[in-house]
Number of protein chains: 2
Amino acid sequence: MQSRTPATRPGRPRSAAAATAILAATREALVELGWSKLTLGDVAARAGVAKTTIYRRWPGKNELVVDAVAELFDELELPDRGSLAADIEGVVLQFAVILDRPEARSGLMAVVAESTRDEALRERIRESIVERQKRLVLQGRTRAQTRGELPPESDPDDAARTVDLIFDVVAGAVVHRTLVSGRPADEDWVRGFTQVLLLGLRGAAALPVAVDP
Amino acid sequence: MQSRTPATRPGRPRSAAAATAILAATREALVELGWSKLTLGDVAARAGVAKTTIYRRWPGKNELVVDAVAELFDELELPDRGSLAADIEGVVLQFAVILDRPEARSGLMAVVAESTRDEALRERIRESIVERQKRLVLQGRTRAQTRGELPPESDPDDAARTVDLIFDVVAGAVVHRTLVSGRPADEDWVRGFTQVLLLGLRGAAALPVAVDP
DNA sequence: GCCATTACGCTACGACTCGTAGCGAAAGCG
DNA sequence: CGCTTTCGCTACGAGTCGTAGCGTAATGGC
């Protein structure tokens with residue numbers, strides 16, 4: 001990851017403890033203050049470091065929040081629930097659990113909003129957050145193929161496009177349900193959503209050209 | 001809407017021209033500066049009004065941006081494309097068109113992020129933005145029922161839940177595709193998405209209890 | 001063991017934004 | 001004409017930003 005660290009640099013190394021303290025303090029401040037009222041001075045005080053230390057490591061508030069939120073997605077793992085339908089429900093529920101945490105709610109959407117005017121920030125988000133989520137979708141597909149519930153890759157391009165579509169639908173629906181509609185993505189909702197998605201995918205796969213039922 | 005205006009209040013009335021100028025200036029500033037760098041002083045200067053005038057009418061930046069963005073959704077109208085499938089594509093495309101405008105991209109997500117810590121703001125967003133979008137979904141359903149493509153309301157509770165689900169899926173997927181994945185919701189993507197959604201809904205409606213194909 | 005190099009904590013700084021207060025003038029109504 | 005409210009303007013204290021400068025701490029190379 002850190003390709004700009006050739007091997008061992010001379011001089012005092014950066015404190016790893018400071019990094020974890022800063023990121024934890026950032027999440028804490030996100031919960032208590034939200035994104036707009038979060039200041040780097042406050043984060044520094046919480047973490048017990050100097051404000052300048054934060055500026056030496058991160059370009060600004062946006063990048064810091066991205067890294068702080070990204071760590072929340074490290075814990076993500078998809079339990080094997082035995083069937084494609086159950087695994088999709090698992091993916092959706094994992095997203096819902098993450099978005100239930102206040103530090104994710106306030107932080108994630110804010111940096112996404114900022115990324116609309118900052119291409120580098122968008123790329124940072126994609127690398128450190130989106131790709132970690134996407135793993136779950138790919139993981140679920142592989143399992144389904146192993147079980148024989150899905151054909152083992154017909155056209156790679158087409159498959160990639162389908163994965164992208166699924167990902168946008170799943171992540172987008174959960175986010176919209178949770179943050180915009182303001183209602184919990186509970187088990188009932190997840191069940192209904194999964195049913196629609198799964199039937200839609202099966203149907204779409206079954207008709208390459210024929211449309212009428 | 002303005003129930004706190006009994007009939008005609010004494011004193012000098014608020015300038016309607018000022019309101020439109022302020023909202024237009026807000027959108028202009030959103031495009032040029034984005035949400036985080038937008039200041040009310042800057043908006044006042046653009047609109048040719050005093051900063052205090054803005055503070056007399058809006059509680060703060062968040063509410064101002066909500067109203068400014070909400071006006072973008074006034075133009076929304078759903079053309080009759082002849083079939084349920086085509087109408088759904090129409091709804092999705094309408095969302096995509098709105099989210100293509102930079103003032104919507106940077107403004108909308110930012111206020112949604114802020115609303116996670118401000119219940120009143122969330123309600124304001126729901127009233128002035130979300131409900132205007134939802135109209136399109138309801139409109140499409142009514143048309144489909146008129147055409148006989150959908151049954152005319154079985155259980156009202158169940159119908160409402162389905163509309164909510166459709167709305168979260170449609171709006172969420174378009175938003176995620178556009179803002180997070182950073183790829184355009186063009187006609188190809190919309191076609192694929194609509195196909196999955198429509199097949200999923202048909203399938204879900206067709207099986208109240210039976211599951212096997 | 002000394003030295004070059006880098007990170008750290010601390011203080012201080014100018015620039016900017018915030019939200020509010022006070023003023024005189026303007027624009028409505030009875 | 002009075003009464004009321006809005007408007008533009010100026011000014012203000014408080015708070016934040018991002019940076020610079022300094023002395024000190026922690027490494028690795030020689």
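Side chains are part of it too, since the values below use all heavy atoms of this structure and drop only hydrogens, waters and symmetry mates. Since this is a predicted model, take the numbers as computed values, not measurements. In the text below, chain A, chain B and the rest are named by the order of the sequence lines, each starting its count at 1.
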Judged by each residue's nearest nucleotide on DNA chain C, which is more toward the 5′ side, A:Ala50 or B:Leu38? A:Ala50
Atom-pair distance (NZ on B:Lys61; C1' on D:dT16), nearest Å: 13 Å
Given atom NZ of B:Lys37 and atom C1' of D:dG18, what is their separation to the nearest angstrom? 12 Å
Check the orientation of A:Trp35 and B:Trp35. Use parallel for under 30°, tilted for 30 to 60°, and perpendicular for over 60°. tilted
Does A:Glu187 have more than 12 heavy atoms from other residues, nucleotides or ligands lying within 6.0 Å of its CD? no
Any salt bridge (Lys or Arg N to Asp or Glu O under 4.0 Å) involving residues 162-175 of chain A? Give me the pairs, sequence neighbours left out, ordered by first then second residue. A:Lys134-A:Asp164, A:Asp164-B:Arg183
If I take atom OH in residue A:Tyr55 and atom P in nucleotide C:dC8, what distance separates them, rounded to the nearest angstrom? 16 Å
Of A:Pro59 and B:Pro10, whose closest DNA chain D nucleotide lies nearer the 5' terminus? B:Pro10
Hey, what are the protein-to-nucleotides 20-26 of chain D N/O distances that come in under 3.5 Å?
{"unit_1": "D:dA25", "atom_1": "N3", "unit_2": "A:Arg12", "atom_2": "NH1", "d": "3.2"}

Between C:dT6 and A:Arg9, is there an OP1 or OP2 to side-chain N/O distance shorter than 4.0 Å? no
To the nearest angstrom, the CD1-P distance between B:Ile54 and D:dT6 comes to 16 Å
Partner of A:Asp87 under salt bridge (Lys or Arg N to Asp or Glu O under 4.0 Å), chosen from A:Arg141, A:Arg147, A:Arg81: A:Arg147
Starting at CG of A:Asn62 and ending at C1' of D:dG18, how long is that distance when rounded to a whole Å? 14 Å
Find the distance A:Trp58:CH2 to C:dC8:P and express it as a whole number of Å. 10 Å
Run through A:Val66, A:Leu121, A:Val65 and flag the one making a side-chain contact (heavy atoms from CB on, under 4.5 Å) with A:Glu114. A:Leu121
With sequence neighbours excluded, give me every salt bridge (Lys or Arg N to Asp or Glu O under 4.0 Å) pair touching residues 25-42 of chain A. A:Arg27-A:Glu71, A:Glu28-A:Arg46, A:Glu32-A:Arg46, A:Asp42-A:Arg46
Could you check which residues of residues 16-27 of chain B get a heavy atom under 4.0 Å from DNA chain D? Sort them by number, please. none
Partners meeting side-chain hydrogen bond (donor to acceptor under 3.5 Å, both in side chains) with B:Arg56 (sequence neighbours left out): none
For the student: nearest non-hydrogen atoms of B:Ala104 and B:Ile98, plus distance: CB-O, 3.4 Å
Looking only at N and O atoms, is any donor in the side chain of B:Lys51 or the base of C:dG19 less than 3.5 Å from an acceptor on the other one? yes
For B:Arg57 and D:dT6, what is the distance between atoms CZ and P respectively, to the nearest whole Å? 9 Å
Between CG of B:Leu64 and P of C:dC18 the distance, given in whole Å, is 11 Å
With A:Trp189 via ring-ring contact (aromatic ring centres under 6.0 Å, His included) - residues at least two apart: A:Phe193
